[in-house]
There are 2 protein chains.
Amino acid sequence: MSSDDLPPEPDDGIPPEATDADRFTNARAIRSTALFEDYTELIADLTEEFGEARITDIARRLGVTHPTANKAVLRLKREGLVISRPYRGVFLTEAGAAMAREVKARHRLVVRLLIAVGVPPEAAEMDAEGIEHYVSETTLKAFEVYLDGRQ
Amino acid sequence: MSSDDLPPEPDDGIPPEATDADRFTNARAIRSTALFEDYTELIADLTEEFGEARITDIARRLGVTHPTANKAVLRLKREGLVISRPYRGVFLTEAGAAMAREVKARHRLVVRLLIAVGVPPEAAEMDAEGIEHYVSETTLKAFEVYLDGRQ
DNA sequence: ACGGAAATGTAGCCTGTGCTATATTTCCAA
DNA sequence: TTGGAAATATAGCACAGGCTACATTTCCGT
């Protein structure tokens, strides 16, 4: 009656196939960091554009209210990704900046790949916003190889 | 000081570029339906394998505890995606089955595309679990065209 | 320099999604 | 047939992430 009918293979060091549970657990873990990635990337953009990231601008760009953005920034602060003083702008720490750089690179690569396989640029930008968080290092490397190998 | 410097173009029926906020709002909306998609797909699988989907099996496959699965099933029920009686299995409604079919088709297509661009099958399966929810109809069509045009 | 507008902060609410602990029901084997 | 094991349900906690309403601070123009 159980669905757990994998034969009990000896532990020979070869990693067993990822189970369904592994995949879903992985996806949940990513979902919980996706928001941080969105914020750090956005804060980096705003800092570059305006010299600082204001709560109001963060909120408007994300399409949420200021209190929501403010709470999120508190969490980012707690995680050591940003620093901020009351009534002042928000700035990335080195850790936050590193995350932003990585996220941005991933984002660009995902968009390029989608366009390369024929997705209209508008749709590519839209879908990449969600997809980017779930693209592993392995997949990212494959995207690079694919894009390099075709021009 | 504002980042909202789009000129006030006359409403000529041409859809303006999607703003950052639009993209993030879209991603948030999808995130809230992703769980339903995972559940309906899984319930369809279990029903096919065992004739019914038991809470325990759902929980194990998703890597969560039974109470978590139970609560989620209550929400699915409220949304009209499943029917269930206490201490009995869970079954998809027609709406739930339709969602499951669509999700499964999308999942397969995403995996196929990832593999087609060179992603190792293991990684493709793993990443698809998160990516699939964010792939729009437009992008899906592009994937189909791409895959058809290369075999 | 000061008063109102804009920005920011805070309080408190709701829902979702996870958990543990405990109760209840069902099922199966002796 | 009945008692214990397995499955399911429920209660209650925590936190994330959204909101509105309201308080506070900053900024800017007169």
Side-chain angles (χ1 to χ4, degrees), chain A residues 1-4 21-22 24-40 42-43 46 50-79 81-91 129-130 133, chain B residues 1-4 21-22 24-40 42-43 46 50-79 81-91 129-130 133:
Chain A
M1 181 157 301
S2 166
S3 59
D4 187 356
D22 290 335
F24 286 118
T25 298
N26 177 254
R28 276 195 303 276
I30 290 172
R31 191 155 58 234
S32 76
T33 67
L35 186 124
F36 285 168
E37 296 188 344
D38 286 340
Y39 272 84
T40 53
L42 176 53
I43 290 167
L46 289 170
F50 304 117
E52 64 176 347
R54 311 300 305 255
I55 290 288
T56 301
D57 291 324
I58 293 172
R60 180 178 40 240
R61 289 266 188 121
L62 288 176
V64 298
T65 58
H66 335 117
T68 295
N70 200 283
K71 254 193 212 175
V73 166
L74 290 182
R75 286 195 294 274
L76 289 169
K77 215 167 165 178
R78 205 176 58 205
E79 298 294 322
L81 295 168
V82 305
I83 55 174
S84 73
R85 301 194 338 269
Y87 296 98
R88 287 292 181 260
V90 179
F91 299 90
E129 200 58 64
H133 302 293
Chain B
M1 181 156 301
S2 165
S3 59
D4 186 356
D22 289 336
F24 287 117
T25 298
N26 177 254
R28 276 196 302 277
I30 289 173
R31 193 155 56 234
S32 75
T33 67
L35 186 126
F36 285 167
E37 296 188 344
D38 286 341
Y39 271 84
T40 53
L42 177 54
I43 290 167
L46 289 170
F50 304 117
E52 64 176 347
R54 310 300 303 256
I55 289 288
T56 300
D57 292 324
I58 293 171
R60 179 177 42 239
R61 289 266 188 119
L62 288 176
V64 297
T65 58
H66 332 116
T68 295
N70 199 283
K71 253 192 213 175
V73 166
L74 290 181
R75 286 195 294 274
L76 289 169
K77 215 167 164 177
R78 205 176 58 205
E79 297 294 322
L81 295 168
V82 306
I83 55 173
S84 74
R85 301 195 335 269
Y87 296 98
R88 288 290 182 260
V90 180
F91 300 90
E129 201 58 65
H133 302 294

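Below, read A as the first sequence line, B as the second, and so on, with proteins coming before strands; counting in each chain starts at 1.
For S32(A), no side-chain nitrogen or oxygen approaches OP1 or OP2 of dA16(D) to under 4.0 Å. Note on T56(B): a side-chain N or O is less than 4.0 Å away from OP1 or OP2 of dT8(D). For dG18(C), one of the phosphate oxygens OP1 or OP2 lies less than 4.0 angstrom from a side-chain nitrogen or oxygen of R28(A). Contact annotation: N70(A) side-chain N/O to dG9(C) OP1/OP2 distance is under 4.0 Å. Taking 4.0 angstrom as the limit, R88(B) places a side-chain polar atom (N or O) nearer than this to OP1 or OP2 of dC27(C).
To the nearest angstrom, P of dA14(D) lies 17 Å from CZ of R75(A). Rounded to whole Å, the distance from CZ on R60(A) to P on dT8(C) is 10 Å. Taking atom CG of L62(A) as the reference point, atom C1' of dC19(D) lies 15 Å away to the nearest angstrom. Separating the CZ atom of R85(B) from the P atom of dT25(C) is a distance of 15 Å, rounded to the nearest angstrom. Note: CD (E52(B)) to C1' (dA7(D)) measures 11 Å, nearest angstrom. When rounded to the nearest whole Å, the span between CG of D57(A) and C1' of dA7(C) equals 10 Å. Protein atom CZ of F50(A) is 12 Å distant from nucleotide atom P of dA7(C), rounded to whole Å. For L74(A) and dT8(C), the CG to P distance is 13 Å, given to the nearest whole Å.
Y39(B) and L62(B) get closest at one heavy-atom pair: CZ-CD1, 3.2 Å.
Distances were taken from every side-chain heavy atom of K71(B) (C-beta onward) to each of dC19(C), dT10(C), dG18(D); the shortest belongs to dC19(C). Here the side chain of R78(A) is nearest to one of dT8(D), dA16(D), dT25(D), namely dA16(D). Considering only side-chain atoms of Y87(B), the nucleotide from dG18(D), dT25(C), dA7(C) that sits closest is dT25(C). Of all nucleotides listed (dA7(D), dG9(C), dC19(C)), dG9(C) comes nearest to the side chain of I55(A).
Annotation: side chain of R61(A) is in contact with side chain of L46(A) (closest heavy-atom distance under 4.5 Å).
A distance-only check finds a donor-acceptor pair linking the side chain of R28(B) to the backbone of G63(A) [under 3.5 Å].
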With the criterion being N/O to N/O and under 3.5 Å, what pairs connect the protein with nucleotides 20-22 of chain D, and how long is each?
none

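A side-chain contact (heavy atoms from CB on, under 4.5 Å) with I43(A) holds for exactly one of D38(A), V82(A), D57(A), L81(A); it is V82(A).
With values rounded to the nearest 0.5 angstrom, I55(A) atom CD1 is found 12.5 Å from R60(A) atom CZ. Taking NE2 of H133(B) as the reference point, atom CZ of F36(B) lies at 12.5 Å (rounded to 0.5 Å). Atoms CD1 and OG1, on I30(A) and T25(A) in that order, are 11.0 Å from each other to the nearest 0.5 Å. Taking OG1 of T65(A) as the reference point, atom NZ of K71(A) lies at 9.0 Å (rounded to 0.5 Å).
Toward the 5′ end of DNA chain D lies the nearest nucleotide of E79(A), the other residue of the pair E79(A) and P86(A) mapping further downstream.
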